[in-house]
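To start, the structure itself, in structure tokens.
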Amino acid sequence: MFEAKLTEGLILKKIVESIKDIVTDVNIDISPSGISLQAMDSSHVALVSLNLSMDGFEHYRADTNMVLGVSIANLAKVMKLADNNDQITLQADQEATHLKIIFENPKTERTTEFNLNLITIDSEHLAIPETEYSSVVTINSGEFSKICKELFSLSETVQITTNTDYVQFSVEGEVGSGQVRLGHNDSEKKEDQTILEVSESVQQQFAIRYLNMFNKASTLSSFTRLCLHQEQPLVVEFKIDNLGVLKYFLAPKISD
Amino acid sequence: KGAQKSLGNFFKKQ
């Protein structure tokens, strides 16, 4: 038996909205300690990794480990039934054929229930090696989203360069070439800070369209954390306060 | 522009 209740249901709505354009069918791993999912996009260039801790739920019970195969596209349709201030409860029996989703609004006495049919997915899990990222950039999530959108109109590819003084996003195309350079900014307004932790410089190229999809998650956190390592995929990380973390992994483009 | 790598180049199937 699995049951989890989230008082701030809006978070779950945002999480589904943040991953629905990247992954289609996912296996949601339920365990006594929390909920996790790992899935790649169809081209195996991007990977979504979500981890939610049981502590973040108003009520959480999972007697055993379970795997719930879910069509994210269908889950997104069901989540549309939720109002932004609904409490959301997820329920599934052992060997369940469906996931029961309940939206409650204690103020308006409105309750919505939906049994989402589960699907069987034989998706293989990828082993993500523990990596010591030699560059970690913490940046305002809205600002990073804006930079990506603006650069995308100038080029499909962005080159990210880090060093101890700045992180640089450069583009080059038939329009011309240029870069956005952000230095360390410890302004007193915390959410405007840009924090660079660079032990080794990194320079890699990435397809911006994936970054734009990842940035849908910027509604979940005021900060985006970019973790870079010269030989590893980029990690774009959004911490979900009191609940967990949503990470996106993006394979680089190798310049010839 | 560089060739797009896939995650399979970096992460092994479990």
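Below, chain A is the first sequence line, B the second, and so on; all start at residue 1.
Under a cut-off of 6.0 angstrom, the local environment of CD in Glu150(A) is crowded, with over 12 non-hydrogen atoms contributed by other residues, nucleotides or ligands. Atom CD of Glu156(A) is surrounded by 12 or fewer heavy atoms from other residues, nucleotides or ligands within 6.0 Å.
Separation of atoms CD (Gln4(B)) and NZ (Lys253(A)) is listed at 6.0 Å; rounding is to 0.5 Å. The distance from the CG atom of Asp41(A) to the OG atom of Ser6(B) is 9.5 Å, given to the nearest 0.5 Å. To the nearest 0.5 angstrom, Leu47(A) atom CG is 13.0 Å from Phe10(B) atom CZ.
In this structure, chain B has a heavy atom under 4.5 Å from the backbone of Glu231(A), while its side chain stays farther away. Of the atoms belonging to Gln232(A), heavy atoms from both backbone and side chain fall under 4.5 Å from chain B.
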Could you walk me through whether Leu126(A) and Gln14(B) satisfy the side chain to side chain contact (heavy atoms under 4.5 Å, CB included) test, starting with their C-alpha distance in whole Å, then the side-chain angles of each, then the deciding distance to 0.1 Å, before giving a yes or no? CA-CA 5 Å; Leu126(A) 287 187; Gln14(B) 233 155 16; over 6 Å; no
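Taking all atoms of both residues into account, the shortest heavy-atom contact from Val45(A) to Lys5(B) is CG2-O, 3.8 Å. The heavy-atom pair separating Phe11(B) from Ala127(A) by the smallest distance is CB-O, 3.6 Å. In terms of heavy atoms, Leu250(A) sits closest to Leu7(B) at C-CD2, 4.3 Å.
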